[in-house]
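We're numbering straight along the sequence, starting at 1.
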Amino acid sequence: MRVRLALFLFALWLSACSRTINESDVFLPEMAEGTQFSITRNDDPIFVTNKARDGLFEELGIEFADGFIETPEGRLAVRHVTNKNKQGPLIVYCGGNSYDVPSHGELAAWKIGGHGDGLLWDYPGFGKSDGSPSVMSFRVSMERVASAIETYKRDKNQPVVFWGHSLGGFVCAEMVRAIGAADAIVFEATAPSAHAAKDYLVPALLRPFLSIRLADELAGLDSVAALSGVRSADGAPLPLLVLGARKDQILPVALSRRLADELEADGHNVSLTIYPDADHFDIGFAQGHDEAVSTFLANALAATNSMQ
């Protein structure tokens with residue numbers, strides 16, 4: 001009797017101490033407008049609350065064109081970024097779980113615009129986009145964006161690079177799986193899978209006392225699985241750059257290292273760069289970042305350029 005009572009109480013304790021991570025815990029459109037990022041270089045304000053100072057994009061030769069892509073749930077907002085001074089790839093950017101183009105599009109454009117053109121887009125239910133923030137809506141929308149990429153290229157030979165930050169790493173991987181090939185992928189401050197990241201979606205002090213589970217809808221988000229068997233556009237191993245931040249308190253740098261290891265074990269051509277003084281949000285502005293990305297893209301796209 002005592003054993004049965006003990007087992008019952010233990011089971012009750014487990015059920016009380018379990019935590020299921022749902023879609024509403026991951027997709028946070030309501031937080032996008034509240035996030036802020038200010039950057040100063042040599043006492044010159046570059047960005048204040050995510051908006052560029054007047055004249056910055058003119059100096060860089062970057063222009064924007066906003067539009068929409070139609071989906072079954074309505075309109076999906078996109079922004080085409082063109083760098084008049086740079087003949088580089090088209091970079092398809094997938095943001096994090098509290099990213100939208102109205103709030104963070106300028107920051108994203110500045111981060112990737114020095115390397116070529118860009119295609120930014122809002123997730124369903126984010127920013128100016130219709131729809132609901134759910135995995136099912138994400139899958140439909142990413143397929144629509146993927147199918148529209150060719151219309152945003154400067155010409156048919158422009159290479160296409162996917163760049164996923166945080167949650168966007170999973171999204172970009174899914175897009176590449178849908179297309180079946182890519183010229184290169186950049187993973188920034190992300191994880192191998194939602195399962196690998198689930199423990200970090202609750203406060204650190206509570207983790208030892210909780211049994212953390214993923215809702216079924218989220219369990220399939222897995223960048224390594226999505227890219228298994230996918231090759232580069234020329235049929236070679238897929239060139240991948242993994243960027244991690246040692247001060248990342250949201251998705252710790254160990255997840256970036258694990259992602260790189262698992263992708264390499266799966267046969268991809270992986271480069272890993274860790275920034276000692278960066279956190280989850282400012283890798284793109286860390287010392288040496290532009291040089292690391294430029295070197296990676298030059299090497300990754302050399303074969304593509306030679307085929308043109």
Side-chain angles (χ1 to χ4, degrees), residues 21-33 35 64-81 89-109 111-112 117-153 160-183 185-191 193-194 197 214-223 225-227 230:
I21 304 298
N22 297 300
E23 291 173 310
S24 60
D25 299 309
V26 174
F27 306 135
L28 304 173
E30 68 280 358
M31 289 184 60
E33 293 184 9
T35 56
F64 301 149
D66 290 341
F68 294 93
I69 294 174
E70 294 297 328
T71 78
E73 293 192 355
R75 300 192 307 174
L76 193 74
V78 298
R79 173 172 291 178
H80 188 204
V81 179
L90 175 66
I91 300 175
V92 181
Y93 185 79
C94 306
N97 66 337
S98 60
Y99 161 94
D100 68 25
V101 173
S103 301
H104 310 110
E106 292 187 18
L107 277 167
K111 180 167 61 176
I112 67 177
D117 302 331
L119 179 59
L120 316 178
W121 56 293
D122 279 340
Y123 299 143
F126 285 68
K128 298 180 179 180
S129 291
D130 299 326
S132 58
S134 68
V135 172
M136 182 177 296
S137 296
F138 269 48
R139 293 189 187 281
V140 172
S141 65
M142 68 180 70
E143 290 176 1
R144 291 293 192 277
V145 175
S147 64
I149 287 174
E150 290 296 321
T151 65
Y152 291 96
K153 293 170 64 172
V160 177
V161 174
F162 292 83
W163 188 312
H165 173 261
S166 196
L167 171 71
F170 308 145
V171 178
C172 274
E174 291 281 353
M175 292 180 73
V176 172
R177 172 164 62 179
I179 296 172
D183 290 296
I185 306 176
V186 178
F187 288 104
E188 179 188 357
T190 185
S193 64
L214 282 179
D216 293 342
E217 297 84 0
L218 299 171
L221 295 176
D222 189 320
S223 296
L227 297 178
V230 178

### Message
Run the side chain to side chain contact (heavy atoms under 4.5 Å, CB included) test on Leu227 and Ile185 for me, step by step, so that the C-alpha distance in whole Å, both residues' side-chain angles and the decisive distance to 0.1 Å come before the verdict.
### Response
CA-CA 10 Å; Leu227 297 178; Ile185 306 176; 3.9 Å; yes
Kindly list each side-chain donor-acceptor pair under 3.5 angstrom involving residues 142-149, sequence neighbours excluded, with atom names and distances?
{"unit_1": "Ser147", "atom_1": "OG", "unit_2": "Glu143", "atom_2": "O", "d": "3.3"}
{"unit_1": "Ser147", "atom_1": "OG", "unit_2": "Arg144", "atom_2": "O", "d": "2.8"}

### Nearest-0.5 Å distance that lies between atom CG in Asn22 and atom CG in Leu214
9.5 Å
### Message
If I compare all heavy atoms of Leu218 with all of Ala194, which pair ends up nearest, and what's the gap?
### Response
O-CB, 3.5 Å
### Task
Output the distance between atom CD1 (Ile91) and atom CG (Leu120), rounded to the nearest 0.5 Å.
10.0 Å
### Message
Checking the side chain of Asp183 only, and the main-chain atoms of Val160 only, is there a donor and an acceptor separated by less than 3.5 Å?
### Response
yes
### Task
Enter the distance from Met31:CE to Phe126:CZ here, rounded to the nearest 0.5 Å.
10.5 Å
### Message
For a quick test of reading the model, state the closest non-hydrogen atom pair linking Phe187 to Ser223 and the distance between them.
### Response
CE2-OG, 4.0 Å
### Task
Report yes or no: does Asp130 contribute a side-chain atom to a donor-acceptor pair with the main-chain N or O of Arg75 at less than 3.5 Å?
yes
### Step-by-step side chain to side chain contact (heavy atoms under 4.5 Å, CB included) determination, Ile179 to Phe162
CA-CA 12 Å; Ile179 296 172; Phe162 292 83; 3.5 Å; yes
### Query
With side chains defined as the heavy atoms from C-beta onward, is the minimum distance between Phe64 and Val81 less than 4.5 Å?
yes
### Task
Go through the steps for Cys94 and Trp121 under the test side chain to side chain contact (heavy atoms under 4.5 Å, CB included), then give the verdict.
CA-CA 7 Å; Cys94 306; Trp121 56 293; 4.0 Å; yes
### Message
Please determine whether the number of non-hydrogen atoms from other residues, nucleotides or ligands lying under 6.0 Å from atom NZ of Lys128 exceeds 12.
### Response
no
### Query
Rounded to the nearest 0.5 Å, how far does CG of Leu119 lie from CH2 of Trp163?
15.0 Å
### Task
Determine the minimum heavy-atom distance between Ala226 and Ala173, stating which atoms define it.
CB-O, 3.8 Å
### Query
Rounded to the nearest 0.5 Å, how far apart are NE2 of His165 and NZ of Lys111?
5.5 Å
#### Entry: Spatial distance of atom OH (Tyr99) from atom OH (Tyr93) [nearest 0.5 Å]
6.0 Å
## Note on the structure
Correct closest heavy-atom pair for Ile112 and Gly118 would be CD1-CA, 4.0 Å
#### Entry: Nearest heavy atoms of Thr190 and Gly169, plus distance in Å
OG1-CA, 4.0 Å
### Query
Should we count CD of Glu30 as having more than 12 external heavy atoms under 6.0 Å?
yes
#### Entry: Gly96 versus Ser166, closest heavy-atom pair with distance
CA-CB, 4.1 Å
### Query
Between Asp122 (side chain) and Asp100 (backbone), is there a donor-acceptor pair under 3.5 Å?
no
### Message
Under the criterion side chain to side chain contact (heavy atoms under 4.5 Å, CB included), I'd like the reasoning laid out for Leu90 against His80: C-alpha separation, chi angles, the key distance, then a yes or no.
### Response
CA-CA 9 Å; Leu90 175 66; His80 188 204; 4.2 Å; yes
Name each donor-acceptor pair under 3.5 Å that joins a side chain in residues 131-141 to protein atoms two or more places apart or in another chain, with its distance.
{"unit_1": "Ser132", "atom_1": "OG", "unit_2": "Ser137", "atom_2": "OG", "d": "3.2"}
{"unit_1": "Ser134", "atom_1": "OG", "unit_2": "Ser137", "atom_2": "N", "d": "3.2"}
{"unit_1": "Ser134", "atom_1": "OG", "unit_2": "Ser137", "atom_2": "OG", "d": "3.1"}
{"unit_1": "Ser137", "atom_1": "OG", "unit_2": "Glu73", "atom_2": "OE1", "d": "3.1"}
{"unit_1": "Ser137", "atom_1": "OG", "unit_2": "Glu73", "atom_2": "OE2", "d": "2.6"}
{"unit_1": "Ser137", "atom_1": "OG", "unit_2": "Ser132", "atom_2": "O", "d": "3.1"}
{"unit_1": "Arg139", "atom_1": "NH1", "unit_2": "Glu174", "atom_2": "OE1", "d": "3.0"}
{"unit_1": "Arg139", "atom_1": "NH1", "unit_2": "Glu174", "atom_2": "OE2", "d": "3.1"}
{"unit_1": "Ser141", "atom_1": "OG", "unit_2": "Ser137", "atom_2": "O", "d": "3.1"}
{"unit_1": "Ser141", "atom_1": "OG", "unit_2": "Phe138", "atom_2": "O", "d": "2.9"}

